[in-house]
Asker: 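Have a look at this one.
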Amino acid sequence: MSELFPLSPRAADLKSRLEAFMAAHVLPAEAGIAAHAADPATRWSVPPVVEALKAKARAEGLWNLFLPDPARGAGLSNLEYAPLAEVMGRSLVAPEVFNCNAPDTGNMEVLLHYGSPQQQARWLGPLLEGRIRSAFAMTEPEVASSDATNIAATITRDGDDYVVDGRKWWTTGATDPRCAVFIVMGVSNPDAEPHRRHAMILVPRDAPGVTVVRPLHVFGYDDAPHGHAEVRFDRVRVPADHLIVGEGRGFEIAQGRLGPGRIHHCMRLVGLAQRALEAMIERARTRVAFGRPLAAHGMAQEAIALSRCEIEQARLLTLAAAAQLDRLGIKGAKDAIGMIKIVAPRMACAVIDRAIQLHGGLGLSSDSFLAHAYAAARALRLADGPDEVHIAALAKSMTRGAEGAR
Ligand SMILES: Cc1cc2nc3c(=O)[nH]c(=O)nc-3n(C[C@H](O)[C@H](O)[C@H](O)COP(=O)(O)OP(=O)(O)OC[C@H]3O[C@@H](n4cnc5c(N)ncnc54)[C@H](O)[C@@H]3O)c2cc1C
């Protein structure tokens with residue numbers, strides 16, 4: 001960890017306990033969880049070990065660490081949380097164990113900041129306890145969803161209800177048997193200006209008209225049982241009090257949701273890349289080719305050294321963005337959050353790709369964690385907005401006032 005951002009005593013204590021928990025319980029469980037997901041008989045069910053580890057983590061106080069609210073969560077700053085998320089990010093199964101997994105974290109923040117007391121009682125409480133899971137349904141197959149003003153699903157008032165209509169996809173978590181609620185984005189005010197046209201509404205998973213059509217695959221990985229799904233909402237009727245804050249407020253909520261969420265992904269990617277680098281080093285030390293360990297070959301040395309540089313660069317930028325978020329809020333930290341969202345997934349893809357290369361055929365196989373890690377990192381160049389959208393927004397912010405820049 002960088003000396004520039006020393007850990008607070010509380011964060012240091014949590015970090016060492018998290019590391020011990022990861023080593024003793026999470027990493028040894030990975031193979032069993034993968035075997036559970038590979039078996040067609042159990043594929044879409046929750047591995048019992050996950051629930052057992054959640055209970056254990058909660059009992060040890062390693063729970064809801066992402067939530068800065070001291071009454072409901074751990075009360076850590078983003079800067080304190082960053083190194084903890086890095087530790088969790090080393091394993092794709094770990095964030096759930098500590099109730100710090102997307103999209104539930106972002107959804108919990110939405111409910112905390114924008115939810116009514118009734119919405120909080122019904123959904124936030126069980127989510128904070130890890131009893132249910134949730135999904136966030138914004139992206140649609142029919143429109144370029146990187147420009148969210150295009151979102152075309154509708155949320156229409158009808159008497160005491162709203163009627164939700166539309167087709168979504170890449171709805172992460174929708175296939176999870178514990179998924180109890182969706183936050184759905186759709187058009188509530190078609191005649192308003194583009195950023196006041198949309199609303200967000202809570203739709204119970206079991207509401208008539210909700211159909212989880214199929215799981216989608218990222219390079220063949222479906223991330224069962226959690227999954228990323230195509231979902232249809234066919235004239236789904238929900239009581240009017242399921243709307244979050246009000247009609248036309250969808251963009252306001254989306255901004256609040258994605259500020260911390262984006263850097264949580266980046267913090268975890270630093271951890272995933274770090275684990276790939278450690279695997280690379282181990283491989284280079286022990287694998288002998290052309291009479292010497294790989295570590296003695298210049299090209300392997302370059303792969304290792306460059307990876308260390310790039311991880312440390314991204315780590316520092318992540319910590320800087322977290323510090324700005326704490327100090328200036330989401331608006332003030334917008335450029336820093338954008339920068340790390342551009343940098344971290346690319347860095348992780350580059351590092352994991354080098355690790356795959358150094359592992360030879362093993363690296364591409366499911367006998368190693370690297371192939372799945374690459375798929376997860378690559379997806380994050382798209383999820384929460386593609387690189388290009390963040391690059392365009394950053395450039396726009398930097399050139400404001402220049403002729404032709406909007
Ligand atoms: C694994 C995974 C999980 C996801 N989870 C969720 C989820 O839980 N909920 C949810 O709602 N969505 C989720 N998404 C969807 C994701 O957020 C969208 O795929 C993303 O926002 C892009 O939208 P799109 O696919 O419609 O691409 P489009 O909007 O069609 O964009 C396609 C491409 O156009 C280019 N482009 C766009 N804008 C510009 C620009 N300004 N300049 C230059 N080029 C540009 C980019 O290369 C972009 O990738 C997930 C995606 C993945 C892969």
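Both ligands and their constituent atoms are indexed starting at 1 by order of listing.
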Asker: Flag Pro103 as yes when one of its N or O atoms lies below 3.5 Å from any N or O atom of ligand 1, and as no otherwise.
Answerer: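 No; the residue has no nitrogen or oxygen that sits under 3.5 Å from a nitrogen or oxygen of the ligand.
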
Asker: Near Val143, which atoms of ligand 1 are under 4.0 Å from a heavy atom of that residue?
Answerer: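 Within the 4.0 Å cut-off of Val143, ligand 1 contributes 26 (O).
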
Asker: Should Arg205 and Val212 be marked as a side chain to side chain contact (heavy atoms under 4.5 Å, CB included) after you check the CA-CA gap, both sets of side-chain angles, and the distance that decides it?
Answerer: CA-CA 9 Å; Arg205 166 73 182 79; Val212 176; 3.4 Å; yes

Asker: Counting only heavy atoms, which portion of Ile391 has something under 4.0 Å from ligand 1: side chain, backbone, both, or neither?
Answerer: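 Ile391 to ligand 1: no contact under 4.0 Å from either part.
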
Asker: Between Pro215 and Trp44, is there a side-chain heavy-atom distance shorter than 4.5 Å?
Answerer: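 SC-SC contact between Trp44 and Pro215 confirmed.
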
Asker: Which part of Pro386 is near ligand 1, with near meaning a heavy atom under 4.0 Å away: side chain, backbone, both or neither?
Answerer: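 Side chain only; the backbone of Pro386 stays clear of ligand 1.
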
Asker: Quick test of your reading of the structure: of Ser146, Ala254, Ala392, whose heavy atom lies closest to atom 31 (O) of ligand 1?
Answerer: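 Heavy atom nearest to atom 31 (O) of ligand 1 belongs to Ser146.
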
Asker: Mark up the atoms of ligand 1 that fall under 4.0 Å of a heavy atom belonging to Ala379, in ascending order.
Answerer: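 Heavy-atom distances to Ala379 below 4.0 Å select 1 (C).
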
Asker: Could you identify the single nearest non-hydrogen protein atom to atom 26 (O) of ligand 1 and state the distance to 0.1 Å?
Answerer: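 Checking every protein heavy atom, the shortest distance to atom 26 (O) of ligand 1 gives Ser145 N, 2.9 Å.
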
Asker: Is His228 close to ligand 1, meaning an N/O of one under 3.5 Å from an N/O of the other?
Answerer: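 So ligand 1 has no N or O lying under 3.5 Å from an N or O of His228.
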
Asker: Give a yes or no answer on whether the side chain of Arg327 reaches the backbone of Gly329 with a donor-acceptor pair at less than 3.5 Å.
Answerer: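 Looks like no, no N/O pair under 3.5 Å.
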
Asker: Test salt bridge (charged side-chain N to carboxylate O under 4.0 Å, His left out) on Arg315 and Glu86 and set out the steps.
Answerer: CA-CA 9 Å; Arg315 181 180 282 128; Glu86 179 179 333; 2.7 Å; yes

Asker: With a 4.0 Å cut-off, strictly under, does atom 33 (C) of ligand 1 pick up any protein heavy atom?
Answerer: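 No, no protein heavy atom sits under 4.0 Å from atom 33 (C) of ligand 1.
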
Asker: I want to check something: taking the side chain as every heavy atom from C-beta on, are Phe251 and Thr149 in contact at a cut-off of under 4.5 Å?
Answerer: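 Yes, side chains in contact.
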
Asker: Just jot down the ligand 1 atoms closer than 4.0 angstrom to any heavy atom of Asp384, in number order.
Answerer: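 Contacts of ligand 1 toward Asp384, numbered from 1: 17 (O).
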
Asker: So, for Cys349 and Tyr374, which heavy atoms are closest and what is the spacing to 0.1 Å?
Answerer: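 Answer, listing the atom of Cys349 first, then Tyr374: O-CE1, 3.5 Å.
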
Asker: What is the nearest protein non-hydrogen atom to atom 18 (C) of ligand 1, stated with its residue, atom name and distance?
Answerer: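 Answer, as residue, atom name and distance: Thr139 OG1, 3.8 Å.
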
Asker: Nearest protein heavy-atom contact for atom 38 (N) of ligand 1: which residue, which atom, what distance?
Answerer: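 So the nearest neighbour among protein heavy atoms is Val389 CG2, 3.6 Å.
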
Asker: Looking at ligand 1, would Leu380 count as a contact under a 4.0 Å heavy-atom criterion?
Answerer: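 Under 4.0 Å: no for Leu380.
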
Asker: Tell me the protein heavy atom at minimum distance from atom 6 (C) of ligand 1, and give that distance in Å.
Answerer: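 Protein heavy atom with the smallest distance to atom 6 (C) of ligand 1: Trp170 O, 2.6 Å.
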
Asker: Please examine the side chains of Met280 and Val351, heavy atoms only from C-beta on, and report whether any two atoms are closer than 4.5 Å.
Answerer: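 The answer is yes; the side chains approach within 4.5 Å.
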
Asker: For atom 36 (N) of ligand 1, which of Met185, Arg378, Glu388 has the closest heavy atom?
Answerer: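 Nearest heavy atom to atom 36 (N) of ligand 1 lies in Glu388.
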
Asker: Within a distance of under 4.0 Å, is there any protein heavy atom near atom 48 (C) of ligand 1?
Answerer: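 For atom 48 (C) of ligand 1 the answer is yes, since some protein heavy atom falls inside 4.0 Å.
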
Asker: Using 30° and 60° as the class boundaries, would you call the ring planes of Trp170 and His228 parallel, tilted or perpendicular?
Answerer: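 Tilted: the ring planes of Trp170 and His228 meet at 30° to 60°.
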
Asker: Side chains of Asp161 and His242: is there a donor and an acceptor less than 3.5 Å apart?
Answerer: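 No pair is found: no donor N or O on one side chain lies under 3.5 Å from an acceptor on the other.
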
Asker: Quick one: look up the protein heavy atom nearest atom 9 (N) of ligand 1 and list residue, atom name and how far away it is.
Answerer: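 Result for atom 9 (N) of ligand 1: Phe136 O, 2.7 Å.
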
Asker: Should Glu278 and Arg275 count as an ion pair when the cut-off is N to O under 4.0 Å?
Answerer: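 So Glu278 does not pair with Arg275 through a salt bridge.
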
Asker: Verify whether one side chain among Arg262 and His265 offers a donor that lies under 3.5 Å from an acceptor in the other.
Answerer: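 Absent: no donor and acceptor within the cut-off.
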
Asker: Side-chain contact, heavy-atom cut-off 4.5 Å: Met22 with Val97?
Answerer: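 Side-chain contact under 4.5 Å: no.
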
Asker: What part of Leu382 sits under 4.0 Å from ligand 1 if we count only heavy atoms: the side chain, the backbone, both or neither?
Answerer: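 The part of Leu382 near ligand 1 is both the backbone and the side chain.
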
Asker: Would you confirm whether any non-hydrogen atom of the protein falls under 4.0 Å from atom 11 (O) of ligand 1?
Answerer: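 So far as the 4.0 Å threshold goes, atom 11 (O) of ligand 1 is in reach of a protein heavy atom.
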
Asker: For Tyr114, is the NZ or CZ atom of Arg249 found under 6.0 angstrom from the centre of its six-membered ring and inside 45 degrees of the ring axis?
Answerer: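 Negative - Arg249 is either too far from the ring of Tyr114 or too far off its axis.
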
Asker: Which bit of Asp387 gets closer than 4.0 Å to ligand 1, counting heavy atoms only: side chain, backbone, both or neither?
Answerer: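 Near ligand 1, Asp387 shows nothing, with every heavy atom at 4.0 Å or more.
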
Asker: Just to confirm my output: which protein heavy-atom neighbour is closest to atom 5 (N) of ligand 1, and how far is it?
Answerer: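 Protein heavy atom with the smallest distance to atom 5 (N) of ligand 1: Thr172 OG1, 2.8 Å.
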
